[in-house]
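Just below is one structure, and these are the notes that go with it.
A, B, ... follow the sequence lines: proteins, then strands. Residue 1 opens every chain. Fair warning: this is a prediction, and the values are worked out from it, not measured in the lab.
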Amino acid sequence: MAELKIYNSLTKQKEVFTPITPGYVGMYVCGPTVYSDVHLGNCRTFISFDIIYRYFKYLGYKVRYVRNITDAGHLEGDRDEGDDKFSKKARLEQLEPMEIVQKYTLGFHKVMELFNNLPPTIEPTATGHISEQIEMVKHILQNGYAYEVDGTVYFDVEKYDKEKPYGILTNRKLEELLEGTRTLSGQDEKKGRLDFALWVKAKPEHLMQWPSPWGMGFPGWHIECSAMSGKYLGTKFDIHGGGMDLAATHHTNEIAQSEACYNVNPANYWIHTNMLTVNGARMSKTAGNGFLPGELFTGSHPLLEKAYAPMTVRFFMLQTHYRSTLDFSNEALQAAEKGLKRLWEAYQNLEQLQQQAQELSDTASDTETDRRCRAFIEGFDTSMNDDFNTAKVLANMFELVPIINSFKGGQIPLNYINRATFDLLQKQFSTYLTDIFGLKEEKVADSGRLDSVLQLLIQIRKEARARKDFATSDKIRNELQREGILLKDEKDGSVSWNII
RNA sequence: GGUCCUGUGGCCGAGUGGCUAGGCAGAGCUCUGCAAAAGCUCGUACAGCGGUUCGAAUCCGCUCGGGACCUCCA
C-alpha cells in the first residue's frame, strides 16, 4: 500500500498516516447543532470528510466513523442568563426542544443523502450521553483541573496551562489569549477569563436539564465530543476532524479536557477543512449569508441565477482542495455543471466501448498512448495520497476525457492501448467517480416511455433526412430542443438524445 | 491589537526550485445537409520591489491588497 500523507493541523505539516491499529481507522468528526437548517458551508465539511472516509475504505481500511449530533442545550453566550438554543427556538415555534431536534436532524439527514454522503458508522447524540459527560467532568474535577461554583463546573485553563500548553492547536500562548479576551459584562464567577464551563447549572424554567452531582443542569459546550469520542473510539484515536472555525475554541478545549482527564491528546491527526465563502466572506449562520441546500436545488436564492443539482455542487467542491477556501458564485457553479457533464459522457463512452475492448490484445499498438493513459490513471492514487488532492485527480480525469472520446469517435483507434490498460481505465474511472468521489448520475424521470416516443420521432426524422427533406428534420430537432431535449447525430449514423 | 492563511492568464482553481495542471468562457480548424456534440490548435499567468540561486510563481525580506480565528457557528 502506498503511503498516505495527511496534513496534521497539530504539527502544521504533512505526515505519513500510520494507524494505531493496523488496518483500522478511528475517525471523529464534529457534526451539526440541530437547531436550524444546515447551510452549504456545513455541507462542505461533511462532504470533505465523506471523501476522506470513502478513500480510507478504498485503501482497504476498516473505518469507524463517528459524527455526533449536538442536541443538548448550550448557552448562547458566556453568561448564565443566556437561553439555550433549543428552548429559545422552541418557544418561538411553540414546540418541545426535542421536536426541534427531531425536525432538524431529519432535515440534516435528508440533505446528506441528497449530496450522496455515506452515513457515519456511529452517529451519537449529546442528550444520549449525559451520564458519560458527567463521568468525565467528575474525573476532571478529581484530577484538579476544574472547580465548581454554585452548581456550575468550570475548567481551570490557567492551571492546566502551567503543565501543558493550552493553545497548542492554534499556536498561541496563554498570555496572548488572555489579552485578546474581551471583558465580560455582569458578575463573573469564573476564576480565569479563559475558563469554560464543563457543566452548567440550569434555571428552573430551563427546558433541557438533567440531574448531576452538582444539581440540575446541562453539559457545557465541548464536553460531549470528548465523552463520545472516548466512548466509541477510545481515549486515543487516529483522526479528529471538523471545520477550521472549530480549532481555536472547540478543539482546543477538547484537547484540554482529554489531557486533564486521561492525560492524552485524543487524536494523532487533526484535520481541519476550510470555509466556504460568498463574495469573499465566510458563509455563516450569524452573518446571514448562508445558502440553504434547498435554495440551491430550486434556485430560489436571490443570488442564484438558476438551480443547481446536488451533484453539481459536490463536484464543484471537489475541484478545490479541502484546506483552501472556496468561493461560491454562479459562474463557478455553471462551469462545474458543464465540466461534470463532460466527465459523465466520457464515463458512458467508456461503458459503450467495453464490448469492443473485449477484442483488444495484450500489446498496445501505440505504446506512447498506452503509457500516457496509465500515467494519468496511476496519478489518481498518487494525488489522493498527497493529502486528498481531489482537484488533481480531476485534472487527470479531464486529461483522459479527450482520449476516451477519441476512442469513441474514431480519431484514435482503441487498439492504441492494450486490454489491461483499458480495463484499468474503466475500473479506476468508475471507482473514483462513483465510489470515492461519491458522484452519481442525475436520474431522468420516466425515461422508458419517453424514449419510445423519441425513437418514433427519431425514425420519422431519419426518413425525412433520407429524402433530403431538411425542413421537416430540422423542425423535429428544433421543436424538441425547445422542450429541452437535445438530439445528436452520431458519427455512425445513429441518433442519441439527452435532457439539457 | 494578537495568531495565522492568502494574492496564479477573462472567470474558477492545482502546483513541484528548472520538464509551461485542469475546468469554464473565447478564437480558428476538422467532421456534418445544417446544427449540436466530439476532436485538433491557440492565450506562456503567477500582486509589487528587493535578495538567495546557474535557475523561483515555488525559498527569504519588505510593501500593498484580501480573508480567517481570538465570541455560538463546519
Side-chain angles (χ1 to χ4, degrees), chain A residues 12 29-33 35-36 38-49 70 74-78 82 85 167 170-173 175-182 184 194 221 241-250 252 272-277 280-287 290 315-316 319-321 323-340 342-343 345-346 349 379 383 386 389-399 401-403 405-406 408-412 465 468-470 473-474 477-478 481 486-491 496 498 500:
Chain A
K12 315 256 178 298
V29 173
C30 292
T33 304
Y35 68 95
S36 64
V38 284
H39 65 244
L40 227 50
N42 303 312
C43 294
R44 184 187 181 198
T45 293
F46 302 132
I47 288 171
S48 295
F49 283 106
T70 296
H74 292 171
L75 286 175
E76 289 272 69
D78 199 0
K85 284 171 181 168
T170 46
N171 199 22
R172 263 174 273 195
K173 293 190 178 70
E175 305 83 70
E176 295 165 358
L177 286 165
L178 284 166
E179 279 169 28
T181 313
R182 291 176 191 175
L184 298 162
L194 289 169
W221 318 330
M244 268 182 191
D245 51 344
L246 296 181
T249 39
H250 185 57
T252 291
H272 288 102
T273 56
N274 215 138
M275 301 291 105
L276 184 66
T277 61
R282 172 183 163 200
M283 186 181 284
S284 77
K285 280 174 189 167
T286 43
F315 174 79
F316 169 66
Q319 280 184 301
T320 307
H321 188 88
R323 279 191 290 113
S324 301
T325 53
L326 174 60
D327 199 62
F328 207 66
S329 71
N330 278 290
E331 267 187 312
L333 238 24
Q334 272 161 33
E337 189 175 69
K338 287 180 183 167
L340 179 59
R342 190 166 147 82
L343 226 41
E345 275 171 12
N349 287 342
S383 301
D386 183 16
N389 196 331
T390 54
K392 215 167 173 182
V393 174
L394 287 173
N396 275 19
M397 290 184 121
F398 277 113
E399 292 275 11
V401 166
I403 299 174
N405 289 346
S406 293
K408 168 94 185 314
Q411 292 94 335
I412 300 177
R465 290 180 72 199
K468 300 220 184 291
D469 177 7
F470 297 122
S473 72
D474 286 353
R477 189 177 62 200
N478 295 339
Q481 191 163 355
L486 189 72
L487 295 187
K488 286 197 289 186
D489 295 327
E490 303 286 354
K491 282 274 191 307
S496 66
N498 56 29
I500 306 166

Between [N] and [M], how many Å separate the two [atom1] atoms, rounded to a whole number?
N: rG18(B); M: rC12(B); atom1: P; result: 26 Å
N: rC62(B); M: rG28(B); atom1: C1'; result: 46 Å
N: rC64(B); M: rG22(B); atom1: P; result: 36 Å
N: rG50(B); M: rG39(B); atom1: C1'; result: 47 Å
N: rU6(B); M: rA14(B); atom1: C1'; result: 15 Å
N: rG9(B); M: rG2(B); atom1: P; result: 31 Å
N: rA37(B); M: rU20(B); atom1: C1'; result: 30 Å
N: rU8(B); M: rG33(B); atom1: P; result: 46 Å

From [options], pick the nucleotide closest to the side chain of [X]?
X: Arg465(A); options: rG33(B), rC73(B), rC72(B); value: rG33(B)
X: Glu345(A); options: rG39(B), rA38(B), rA74(B); value: rA38(B)
X: Thr320(A); options: rA38(B), rU3(B), rG13(B); value: rG13(B)
X: Lys488(A); options: rA37(B), rG22(B), rC24(B); value: rA37(B)
X: Leu177(A); options: rA38(B), rC70(B), rA35(B); value: rC70(B)
X: Asp489(A); options: rA35(B), rG33(B), rA74(B); value: rA35(B)
X: Ala391(A); options: rC70(B), rG22(B), rA14(B); value: rA14(B)
X: Phe398(A); options: rA14(B), rG39(B), rG23(B); value: rG23(B)
X: Met283(A); options: rA74(B), rC70(B), rG39(B); value: rA74(B)

Under a 3.5 Å cut-off for both distances, is [N] Watson-Crick or wobble paired, and to whom?
N: rU53(B); value: none
N: rC40(B); value: rG28(B)
N: rA68(B); value: rU3(B)

Handout entry: Working for side-chain contact (heavy atoms from CB on, under 4.5 Å), residues Thr252(A) and Arg172(A)
Key = CA-CA 10 Å; Thr252(A) 291; Arg172(A) 263 174 273 195; over 6 Å; no

When we call it a touch if two heavy atoms are under 4.0 Å apart, what does [X] touch: a base, just sugar-phosphate, or nothing?
X: Gly242(A); answer: sugar-phosphate
X: Gly31(A); answer: sugar-phosphate
X: Ser473(A); answer: base
X: Gln481(A); answer: nothing

Rounded distance in Å - [atom1] ([X]) to [atom2] ([N]):
X: Gln334(A); N: rG23(B); atom1: CD; atom2: C1'; value: 14 Å
X: Met275(A); N: rA68(B); atom1: CE; atom2: C1'; value: 8 Å
X: Glu337(A); N: rC12(B); atom1: CD; atom2: P; value: 18 Å
X: Leu487(A); N: rA36(B); atom1: CG; atom2: C1'; value: 10 Å
X: Met244(A); N: rU71(B); atom1: CE; atom2: P; value: 19 Å
X: His321(A); N: rG15(B); atom1: NE2; atom2: C1'; value: 12 Å
X: Leu276(A); N: rA68(B); atom1: CG; atom2: P; value: 13 Å
X: Phe328(A); N: rA74(B); atom1: CZ; atom2: C1'; value: 15 Å

Quick one: [atom1] on [X] to [atom2] on [Y], what's the gap to the nearest 0.5 Å?
X: Asp474(A); Y: Leu487(A); atom1: CG; atom2: CG; value: 11.0 Å
X: Leu326(A); Y: Leu276(A); atom1: CG; atom2: CG; value: 5.5 Å
X: Arg477(A); Y: Leu486(A); atom1: CZ; atom2: CG; value: 9.0 Å
X: Leu340(A); Y: Glu345(A); atom1: CG; atom2: CD; value: 10.5 Å
X: Met244(A); Y: Thr45(A); atom1: CE; atom2: OG1; value: 9.5 Å
X: Thr33(A); Y: Asn42(A); atom1: OG1; atom2: CG; value: 8.5 Å

Handout entry: Asp489(A) with Arg465(A): basic N within carboxylate O range, under 4.0 Å
Key = yes

Practice task
Could you pull out all residues at least two apart from His321(A) that satisfy ring pair (Phe, Tyr, Trp, His ring centres under 6.0 Å)?
Solution key: none

Hey, does the side-chain of [X] have a donor or acceptor N/O within less than 3.5 Å of a partner on the base of [N]?
X: Arg342(A); N: rC24(B); value: no
X: Asn389(A); N: rG15(B); value: no
X: Arg477(A); N: rA35(B); value: yes

Handout entry: Residue mapping more 5' on RNA chain B - nearest nucleotide basis, Asn171(A) or Lys338(A)
Key = Asn171(A)

Problem - Position toward the 5' end of RNA chain B (nearest nucleotide), Thr273(A) or Ala248(A) - result: Ala248(A)

Exercise for the section: Assess whether side-chain contact (heavy atoms from CB on, under 4.5 Å) is satisfied between Val401(A) and Leu343(A), documenting all intermediate values. Expected result: CA-CA 7 Å; Val401(A) 166; Leu343(A) 226 41; 3.7 Å; yes

Problem - Presence of Thr277(A) side-chain N/O under 4.0 Å of rG67(B) phosphate oxygens OP1/OP2 - result: no

Exercise for the section: Look at Asn42(A) and rA74(B) and indicate whether a side-chain polar atom (N or O) is within less than 4.0 Å of OP1 or OP2. Expected result: yes

Handout entry: Ring centroids of Phe470(A) and rG33(B) base under 5.5 Å with planes under 30°
Key = yes

Handout entry: Crowding at NZ, Lys468(A) (>12 non-hydrogen neighbours, <6.0 Å)
Key = no

At a cut-off of 3.5 Å, list every protein nitrogen or oxygen paired with a nitrogen or oxygen from nucleotides 5-11 of chain B, distance to 0.1 Å.
| residue | atom | partner | partner atom | Å |
| --- | --- | --- | --- | --- |
| rC11(B) | O2' | Glu331(A) | OE1 | 3.2 |

Problem - Within-4.5 Å side-chain heavy-atom neighbours: Pro402(A) and Arg342(A) - result: yes

Exercise for the section: Side-chain contact test, heavy atoms from C-beta onward, threshold under 4.5 Å: evaluate it for Thr273(A) versus Arg44(A) and give yes or no. Expected result: no

Contact list (N/O, under 3.5 angstrom) for nucleotides 26-31 of chain B vs protein:
none

